[in-house]
Amino acid sequence: MTTLPLLSSNPATRTGAGVGRAVAVPRHLADLDLAGRRHAVAALGEKEFRAGQLSNHYFGRLVRDPAEMTDIPAAARDRLAAELLPRLLTPVKELSCDGGTTRKTLWRLHDGAQVESVLMGYRDRVTVCVSSQAGCGMGCPFCATGQGGLTRNLSTAEIVDQVVWFAGEAAKGMGPDCPARLSHVVFMGMGEPLANYNRVLDAVRRLITPAPEGLGLSQRHITVSTVGLVPAIERLAAEDLALTLALSLHAPDDDLRDELVPVNQRWKVAEVLESAWSYAARTGRRVSIEYALIRDVNDQPWRADLLGRLLAGKLAHVNLIPLNPTPGSRWDASPKPVEREFLRRVRAAGVAATVRDTRGREIDGACGQLAASQNGPQLPGNELSRVSGRGRKAEQ
Ligand code: SAH
Ligand code: SF4
């Protein structure tokens, strides 16, 4: 029998480690709520209100350089920044395309693990796609991240800092056609967010709490994408947060889903959909059903019809994703006519469905592909490698 990856119940501390080398992640103010930050500042022998000032620089002004924190005395600000704003993410590779409105960064973490995040600017919103784990233990065979296994969970602040960093980039302006404010976050980078539940939820709380405690984003603008860990979906529903849930289904039948999404061997299609509908009922939020179309694997008309039957009348939206083939994979994206027919059949069942924008493909846009493809131009040490792709239109 296949051994399934377990839900991470690692109570481990704030380290975020738990798998692999357990080197503690440096403490960062985003790991703590405001009360915790006040406590930490007092323990450093500083006035408690400095916690609010420091937090306002980081979350409110998107500033992390102590030299710019002129309301804090110079000696105190260097010490506070060293203790509570350590550098967690070092960019090792930056790629951009679509005229700079799609940007991807590969980060090195303090222990050498690598993760990536992508910023996407649209006319009406700016979205960042973040990683929740270094690697992933879920083993989906079409996914680049899944091929390397799980390295470790990210800490709360390692997740939050990806967002805050890109909020700063968005504020500098991504171009004339994009708002200068980051508005949306999707947990669709590396890792299974619900397998790092506590830290992901803490990160979400930081993101939705107004400054100085957090970034003040709308709950509805945060999407948690999951492979379908049923107990964790139920737990998420009970949090009474209005987050958007995306369920990576990829097959409407257990035979195929057992293969494409190995965790299906534990929680079957019927069970995972039931938990999605409970989530929708409890939160009032439409669930996004993710379906990567793989040529001759899951793109048959009968599977489109079955998917339509399973979802008809439910609070769901199908997102068809053209497969982004991973290097060396035997699988490919479905041809466009097959994709169109699949979409037509799902819609004919009365289910809302769209084909996902495939932005950023030429910069290894799919989750985990940049970290997996280490053959791109990359400079040693801290130097940054910047590569620009030629603009490619989104296929929405
Ligand atoms: N682990 C979570 C979130 C990260 S993956 C999950 O699986 O939902 C984010 C999305 O990218 C998922 O829907 C996943 O199935 C999809 N994905 C992974 N590899 C892909 C690939 N090669 N092509 C297209 N989509 C892919
Ligand atoms: Fe993990 Fe999601 Fe990739 Fe599956 S698709 S291996 S759950 S990151």
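Only a predicted model underlies this, so the values are computations on that prediction, with no experimental measurement involved. Counting starts at 1 for both ligands and their atoms, following the listed order. As a basis for the values below, the full set of heavy atoms in this structure was taken, side chains included, without hydrogen atoms, waters or symmetry mates.
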Practice task
Can you tell me which residue pairs pass the ring pair (Phe, Tyr, Trp, His ring centres under 6.0 Å) test with a partner in residues 305-338, sequence neighbours excluded?
Solution key: none
For ligand 2, which atoms have a heavy atom of [X] less than 4.0 angstrom away?
X	value
Met138	1 (Fe), 7 (S)
Gly146	6 (S)
Val227	7 (S)

Exercise for the section: Check if Pro325 has a non-hydrogen atom at a distance under 4.0 Å from any atom of ligand 1. Expected result: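 The answer is no: ligand 1 sits nowhere under 4.0 Å from a heavy atom of Pro325.
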Handout entry: Min heavy-atom dist Ser329 to ligand 1 below 4.0 Å
Key =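 Ser329 does not count as a contact of ligand 1 under the 4.0 Å cut-off.
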Problem - Side-chain donor/acceptor of Asp111 to backbone N/O of Ala113, under 3.5 Å - result: yes
Taking heavy atoms and a distance under 4.0 Å, where does [X] meet ligand 1: side chain, backbone, both or neither?
X	result
Leu247	neither
Phe187	backbone
Met190	neither
Ile321	side chain

Handout entry: Interfacing atoms of ligand 1 (cut-off 4.0 Å, heavy-atom, Gly191)
Key =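 Answer, ordered by atom number: 1 (N), 2 (C), 3 (C), 4 (C).
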Handout entry: Cys143 neighbourhood, listing ligand 1 atoms whose heavy-atom distance to it stays under 4.0 Å
Key = 18 (C), 19 (N)
So which heavy atom on [X] is nearest to which on [Y], and how close?
X	Y	answer
Asp258	Gln265	O-NE2, 3.1 Å
Met190	Val115	SD-CA, 3.6 Å
Leu320	Glu339	CD1-O, 4.5 Å

Problem - Plane angle bin for Tyr291 and Phe342 - parallel if under 30°, tilted between 30 and 60°, otherwise perpendicular - result: tilted
Fill in the blank from the handout: The answer for which part of Cys136 has a heavy atom under 4.0 Å from ligand 2 is side chain
Exercise for the section: Just grab all the side-chain hydrogen bond (donor to acceptor under 3.5 Å, both in side chains) pairs involving residues 220-235, residues at least two apart or on different chains. Expected result: Glu192-Thr226, Asn198-Arg235
Completion exercise
Filtering His250, Arg356, Glu192, Glu290 for the heavy atom nearest atom 15 (O) of ligand 1 leaves His250
Handout entry: Carboxylate-amine/guanidinium proximity below 4.0 Å for Glu169 and Arg103
Key =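 The answer is yes: the pair qualifies as a salt bridge.
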Practice task
Using only heavy-atom distances, determine whether the side chains of Thr244 and Arg285 contain a donor-acceptor pair under 3.5 Å.
Solution key: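 Present: a donor and an acceptor within the cut-off.
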Exercise for the section: May I ask you to check if ligand 1 and Phe142 share an N or O to N or O distance below 3.5 Å? Expected result: yes
Exercise for the section: Look at Cys143 and state whether any of its N, O or S atoms is less than 2.8 Å from atom 1 (Fe) of ligand 2. Expected result: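 False for Cys143.
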Exercise for the section: Compute the centroid of each ring, for Tyr58 and then for His28, and state whether the two points are separated by less than 6.0 Å. Expected result: yes
